[in-house]
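Have a look at the structure below before the remarks.
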Amino acid sequence: MKITVVGAGNVGATLAQRLIEKDFADVALVDVVDGIPQGKTLDMRQSANVIGFTHELTGSDSYEVTAGSDIIVITAGIARKPGMTRDELIGINAKIVREVVEKSLALSPDAIFIIVTNPVDAMTYLALKTSGLPRERVFGLSGVLDGGRLAAFLAEEYGVSAAEVFPCVMGEHGSNMVVYPRFTTVQGKPMSDLMDKAKQQAFIDRCVNGGAEIVGYLKTGSAFYAPSASVAYMIDAVVNDSGIQMNCATYLSGEYGLSDVVIGVPVRLGSGGIQKVIELALNADEKAALEASADAVRKTIAALNI
Ligand SMILES: NC(=O)c1ccc[n+]([C@@H]2O[C@H](COP(=O)([O-])OP(=O)(O)OC[C@H]3O[C@@H](n4cnc5c(N)ncnc54)[C@H](O)[C@@H]3O)[C@@H](O)[C@H]2O)c1
Ligand SMILES: O=C(O)C[C@H](O)C(=O)O
């Protein structure tokens with residue numbers, strides 16, 4: 001098993017560290033800036049004796065080291081700064097994602113692609129169209145991270161473990177993301193039964209602004225610890241064929257009445273990538289919210305002119 005991470009910045013390098021420490025695959029880390037992937041992987045390799053990993057970890061500015069990868073994660077691109085939306089990154093990041101897909105697919109024709117670069121729903125759509133791969137093999141990071149944030153906030157509020165919260169955040173990974181209180185549970189109780197509408201809305205607002213809250217603190221970039229942990233969790237499901245249900249940026253072909261758009265929905269992840277898109281029984285208001293979110297992503301996708 002071989003996993004390539006393209007982009008050796010905050011998310012990419014932290015992800016490479018998480019993956020090599022799992023010791024279930026060789027890892028290649030690639031960046032356009034010569035020296036950074038080499039230096040970071042050399043540094044990580046020098047922890048092998050104390051961490052105990054045995055797989056190969058390689059860093060390079062050349063795609064040769066990625067050949068024959070089973071999974072390719074794209075984190076290459078720019079991150080937003082305070083006051084910016086993710087959509088403002090599209091001009092620069094679309095060029096980068098297109099180039100990365102073409103170069104890496106040429107050397108790893110059987111790979112599964114996991115897209116992280118923002119705006120992630122449109123970038124996943126772009127990667128899918130550029131690669132011509134089936135949707136099972138091209139999906140993006142969204143709901144695992146957004147749900148992780150909601151779980152953290154609810155766990156803190158109710159004094160429970162975050163593992164006892166099952167969050168449900170779908171739609172765009174952006175200001176139109178949709179939090180579903182009826183499908184989010186804390187120790188088995190739906191969030192919609194635990195609190196009144198005003199309190200629900202406060203949690204929803206904090207979740208929707210979760211990325212911006214971190215950007216506001218960091219000033220020079222965006223979140224990377226929870227994002228890299230979320231991608232590692234997605235990869236774990238694929239590598240170990242766990243079939244775990246999680247929300248990912250996924251191309252829809254009629255599910256939820258939506259087609260030819262990428263938004264976050266629950267999927268079963270396992271070997272081969274997306275094994276099933278899961279359709280929750282949404283009520284009319286919940287469905288309308290998802291449709292509005294998909295419409296917002298369609299506008300971003302239209303800017304790609306593909
Ligand atoms: N989908 C999500 O939930 C999510 C979460 C966190 C970050 N992100 C996004 O992931 C991206 C990366 O975030 P980061 O914090 O790691 O940024 P970063 O600036 O720390 O790292 C980005 C890296 O990409 C590299 N790069 C740029 N162009 C490249 C190219 N053509 N080929 C290879 N490498 C290239 C840069 O040199 C840099 O090292 C951003 O777009 C960010 O918005 C998305
Ligand atoms: O907020 C960002 O721009 C990065 C990422 O999408 C996040 O949600 O942390």
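In listed order, ligands and their atoms are each counted from 1.
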Heavy atoms only: which of [options] is nearest to [atom]?
| atom | options | result |
| --- | --- | --- |
| atom 18 (P) of ligand 1 | Asp61, Asn10, Val5 | Asn10 |
| atom 22 (C) of ligand 1 | Gly210, Gly7, Gly77 | Gly77 |
| atom 6 (C) of ligand 1 | Gly221, Ala249, Ser222, Ala223 | Ala223 |

Do any nitrogen or oxygen atoms of [X] come within less than 3.5 Å of a nitrogen or oxygen of ligand 1?
| X | result |
| --- | --- |
| Val6 | no |
| Val33 | no |
| Val100 | no |
| Pro227 | no |
| Asn118 | yes |
| His173 | yes |

Distance filter under 4.0 Å to Glu99 heavy atoms, resulting ligand 1 atoms: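 Near Glu99, meaning under 4.0 Å from one of its heavy atoms, ligand 1 has 31 (N).
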For Val120, the ligand 1 atoms whose distance to one of its heavy atoms is below 4.0 Å: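 With Val120 as reference, the close atoms of ligand 1 come out as 1 (N).
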Might you confirm whether atom [atom1] of [X] has over 12 heavy atoms from other residues, nucleotides or ligands at distances under 6.0 Å?
| X | atom1 | value |
| --- | --- | --- |
| Phe153 | CZ | yes |
| Lys95 | NZ | no |
| Phe166 | CZ | no |

Checking side-chain polar atoms at under 3.5 Å, does [X] have a donor or acceptor matched by the opposite partner on [Y]?
| X | Y | value |
| --- | --- | --- |
| Asp146 | His173 | yes |
| Thr66 | Thr4 | no |
| Asp260 | Tyr125 | yes |
| Ser228 | Arg18 | yes |
| Ser242 | Asp236 | no |
| Gln201 | Asp205 | yes |
| His55 | Asp26 | no |

Least distance between heavy atoms, Ser259 atom then Arg298 atom: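 Of all heavy-atom pairs spanning Ser259 and Arg298, the closest is O-NH1, 3.0 Å.
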Heavy-atom closest contact (Gly77 atom, Ile96 atom, distance):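 Residues Gly77 and Ile96, closest heavy atoms: CA-CD1, 3.7 Å.
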SB check Glu102 Arg98 (cutoff 4.0 Å):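 Here Glu102 does not pair with Arg98 in a salt bridge, since their nearest N and O are not under 4.0 Å apart.
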Applying a 4.0 Å heavy-atom criterion (strictly less than), which segment of [X] is in contact with ligand 1: side chain, backbone, both, or neither?
| X | result |
| --- | --- |
| Ala76 | both |
| Leu145 | side chain |
| Ile78 | backbone |

For [atom], what's the nearest protein heavy-atom neighbour? Residue, atom name and distance, please.
| atom | result |
| --- | --- |
| atom 21 (O) of ligand 1 | Gly9 CA, 3.2 Å |
| atom 44 (C) of ligand 1 | Val116 O, 2.8 Å |
| atom 33 (C) of ligand 1 | Val32 N, 3.4 Å |
| atom 12 (C) of ligand 1 | Thr75 O, 3.1 Å |
| atom 28 (N) of ligand 1 | Ile96 CD1, 3.5 Å |
| atom 17 (O) of ligand 1 | Ala79 CB, 4.0 Å |
| atom 16 (O) of ligand 1 | Val11 N, 2.9 Å |

Asp31 to ligand 1, any heavy atom closer than 4.0 Å: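 Yes, that is the case, since the closest heavy atom of the residue is under 4.0 Å from the ligand.
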Does any N or O in the side chain of [X] come within less than 3.5 Å of the main-chain N or O of [Y], such that one atom is a donor and the other an acceptor?
| X | Y | value |
| --- | --- | --- |
| Lys40 | Ala8 | yes |
| Thr75 | Gly7 | yes |
| Asn176 | Ser293 | no |

Test item: Met234 and Met246 side chains (from C-beta on) under 4.5 Å apart, heavy atoms: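 Answer yes - side chains close enough.
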Amino acids in close contact with ligand 2, where any non-hydrogen atom sits under 4.0 angstrom away: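 Contacts of ligand 2 under 4.0 Å: Arg80, Arg86, Asn118, Leu145, Arg149, His173, Gly211, Ser222, Ala223.
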